[in-house]
Protein chains: 2
Amino acid sequence: MKNRDCRGHLWWHGRFRGCGYRITLGREAILEVLSRANQHLSAEDIYIKVHPMYPNIGLTTVYRTLDVLVDLGLVFKFDFGDKRARYELAEGPKGAHHHHHLICTNCKRVIDYTDFIDEEVELLNQTEKGLSKKYNFMITNHLIQFYGLCDKCNNKK
Amino acid sequence: MKNRDCRGHLWWHGRFRGCGYRITLGREAILEVLSRANQHLSAEDIYIKVHPMYPNIGLTTVYRTLDVLVDLGLVFKFDFGDKRARYELAEGPKGAHHHHHLICTNCKRVIDYTDFIDEEVELLNQTEKGLSKKYNFMITNHLIQFYGLCDKCNNKK
DNA sequence: ATTATAATGATAATGGTTGTCATTAACAAT
DNA sequence: ATTGTTAATGACAACCATTATCATTATAAT
């Protein structure tokens with residue numbers, strides 16, 4: 001019996017087992033790819049990268065696995081305004097690679113930035129506390145994105 | 001000749017004309033609906049609401065108009081994780097109804113909140129300045145969303 | 001090894017959003 | 001007001017990322 005709302009602090013094997021999920025080669029491979037990638041990947045990106053190490057994998061399985069990982073909070077899913085979702089390994093606000101995104105609305109380029117993250121996170125913590133209490137909402141995650149024109153697109157105009 | 005990157009300070013008739021766009025009944029109707037709605041609407045929501053006052057409108061036109069409005073910065077487009085995009089009339093950070101979103105990842109309910117907005121916006125302004133300079137990025141907009149479980153979904157578990 | 005059931009892969013289906021193109025409407029110039 | 005240029009529209013088809021289906025296979029507890 002599975003339970004997607006199982007949150008814990010163990011790394012994913014334990015987390016998986018504890019929630020009734022099974023550990024498979026496909027899932028190993030997908031998490032391997034996500035760990036190595038230091039950028040957001042689409043489902044298809046992942047599919048292509050997983051293929052060499054586990055050729056039998058299907059795109060459907062990639063989607064299903066990502067779905068589970070997102071529900072477990074191990075992976076973040078992003079929408080950058082083009083049509084496809086992007087995924088990256090979740091790292092808590094304290095994580096070394098925690099970052100936010102700067103998105104060019106013209107060329108869809110995405111810049112990861114880590115500057116100002118500390119201040120942002122500090123403020124967000126306060127806000128989260130307030131919101132949790134007021135709306136009785138259990139906040140598990142946040143999203144901050146800035147939109148605008150990147151240098152190249154800005155210069156063209 | 002049209003130019004989507006035309007940004008100004010006039011209300012939309014002027015803005016439209018200034019950018020080479022034409023004012024049509026359909027567009028009037030769509031903006032009317034958006035102004036009256038104090039919640040985010042999907043393209044289809046808008047289509048249905050516009051129909052009574054302008055029955056000839058097509059869904060395609062709704063999408064096209066929203067597209068223009070988003071590009072002009074008059075409307076914000078949101079992704080709340082279900083499949084359809086939501087739209088709401090843009091109000092600058094100083095606007096009376098400026099708000100951010102609290103999204104339940106379980107039932108997809110969306111709560112608008114205005115609390116803490118001032119502090120958030122204050123911080124974001126600083127961040128924007130820093131990012132603009134460092135990445136030579138012209139920031140026009142930002143998105144903040146919190147994810148978690150709403151009271152109902154939280155109690156069920 | 002057996003068994004219960006979760007995971008998979010192939011494939012079809014879904015459905016929000018876009019593209020196409022002939023027709024109509026807006027508006028500037030006359 | 002009439003005309004001419006070009007943007008906007010509507011009907012419909014196409015797109016394509018994501019999901020659902022279902023028979024088969026693999027995991028892991030017993």
Side-chain angles (χ1 to χ4, degrees), chain A residues 1-4 6 12-31 40-48 50-51 53-72 74-75 77-87 108, chain B residues 1-4 6 12-31 40-48 50-51 53-72 74-75 77-87 108:
Chain A
M1 180 190 44
K2 284 180 301 185
N3 168 23
R4 286 216 173 175
C6 178
W12 76 275
H13 276 214
R15 181 84 73 91
F16 259 54
R17 288 232 175 73
C19 299
Y21 287 106
R22 292 173 181 176
I23 288 152
T24 66
L25 290 177
R27 288 173 173 177
E28 299 262 22
I30 290 172
L31 268 155
H40 37 268
L41 300 173
S42 70
E44 200 182 351
D45 290 339
I46 294 169
Y47 171 67
I48 290 168
V50 166
H51 220 256
M53 60 173 93
Y54 186 65
N56 283 339
I57 196 127
L59 185 52
T60 310
T61 297
V62 174
Y63 275 110
R64 270 187 302 229
T65 301
L66 288 171
D67 227 35
V68 172
L69 293 172
V70 169
D71 277 355
L72 289 180
L74 296 173
V75 162
K77 179 179 182 178
F78 292 97
D79 166 58
F80 293 147
D82 56 354
K83 315 253 69 172
R84 60 192 60 194
R86 303 304 160 96
Y87 301 84
K108 311 297 182 194
Chain B
M1 175 195 44
K2 285 181 300 186
N3 167 23
R4 286 214 171 175
C6 176
W12 74 275
H13 276 216
R15 182 83 74 92
F16 258 54
R17 288 235 175 70
C19 300
Y21 288 106
R22 293 171 181 178
I23 289 153
T24 65
L25 290 177
R27 288 173 174 179
E28 299 262 22
I30 289 172
L31 268 155
H40 37 267
L41 300 173
S42 69
E44 200 183 351
D45 290 338
I46 295 168
Y47 172 68
I48 290 168
V50 166
H51 221 255
M53 60 174 92
Y54 186 66
N56 283 339
I57 195 127
L59 185 52
T60 311
T61 296
V62 173
Y63 275 109
R64 270 187 300 227
T65 301
L66 287 171
D67 227 35
V68 172
L69 293 172
V70 169
D71 276 356
L72 289 180
L74 296 174
V75 163
K77 179 179 182 178
F78 292 96
D79 165 59
F80 292 148
D82 56 354
K83 315 254 69 174
R84 59 192 60 191
R86 304 305 160 93
Y87 301 85
K108 310 299 182 191

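To find a chain, count down the sequence lines: A is the first, B the second, and so on, and within it residues start at 1. Below, all heavy atoms of this structure are taken into account, side chains as well, without hydrogens, waters or symmetry copies. The structure presented is a predicted model; accordingly, all values stated were derived computationally and were not measured.
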Counting only distance, no hydrogens or angles, is the base of [N] paired donor-acceptor with the side chain of [X] under 3.5 Å?
X       : N      : answer
B:Arg64 : C:dG19 : no
B:Arg22 : D:dT6  : yes
A:Thr60 : C:dT11 : yes

Provide, to the nearest angstrom, the distance between the [atom1] atom belonging to [X] and the [atom2] atom belonging to [N].
X       : N      : atom1 : atom2 : answer
A:Asp71 : C:dA7  : CG    : P     : 13 Å
B:Ile23 : D:dA8  : CD1   : P     : 11 Å
B:Tyr63 : C:dG16 : OH    : P     : 7 Å
B:His51 : D:dA11 : NE2   : P     : 8 Å
A:Asp67 : C:dT8  : CG    : P     : 12 Å
A:Asp82 : C:dT18 : CG    : P     : 11 Å
A:Glu28 : C:dA7  : CD    : C1'   : 14 Å
B:Ile57 : D:dC12 : CD1   : C1'   : 17 Å

For [N], does OP1 or OP2 lie under 4.0 Å from any side-chain N or O of [X]?
X       : N      : value
A:Lys83 : D:dC15 : no
B:Arg84 : C:dT17 : no
B:Thr61 : D:dG10 : yes
B:Thr24 : D:dT9  : yes

What residue among B:Thr65, B:Val70, B:Leu72 forms side chain to side chain contact (heavy atoms under 4.5 Å, CB included) with B:Val68? B:Leu72

Spacing of [X] atom [atom1] and [Y] atom [atom2] [to the nearest 0.5 Å]:
X       : Y       : atom1 : atom2 : value
A:Ile46 : A:Tyr63 : CD1   : OH    : 9.5 Å
B:Tyr47 : B:Ile57 : OH    : CD1   : 9.0 Å
B:Leu66 : B:Asp71 : CG    : CG    : 11.0 Å

Position toward the 5' end of DNA chain D (nearest nucleotide), A:Leu59 or B:Gly26: B:Gly26

Are B:Arg86 and B:Asp82 within salt-bridge range, i.e. N to O under 4.0 Å? yes

Take B:Lys77 and A:Gly58, find for each the nucleotide of DNA chain C with the closest heavy atom, and name the residue whose nucleotide sits nearer the 5' end. A:Gly58

Need to verify one output field. Residue with the more 5' nearest nucleotide on DNA chain C, B:Arg86 or B:Leu25? B:Arg86

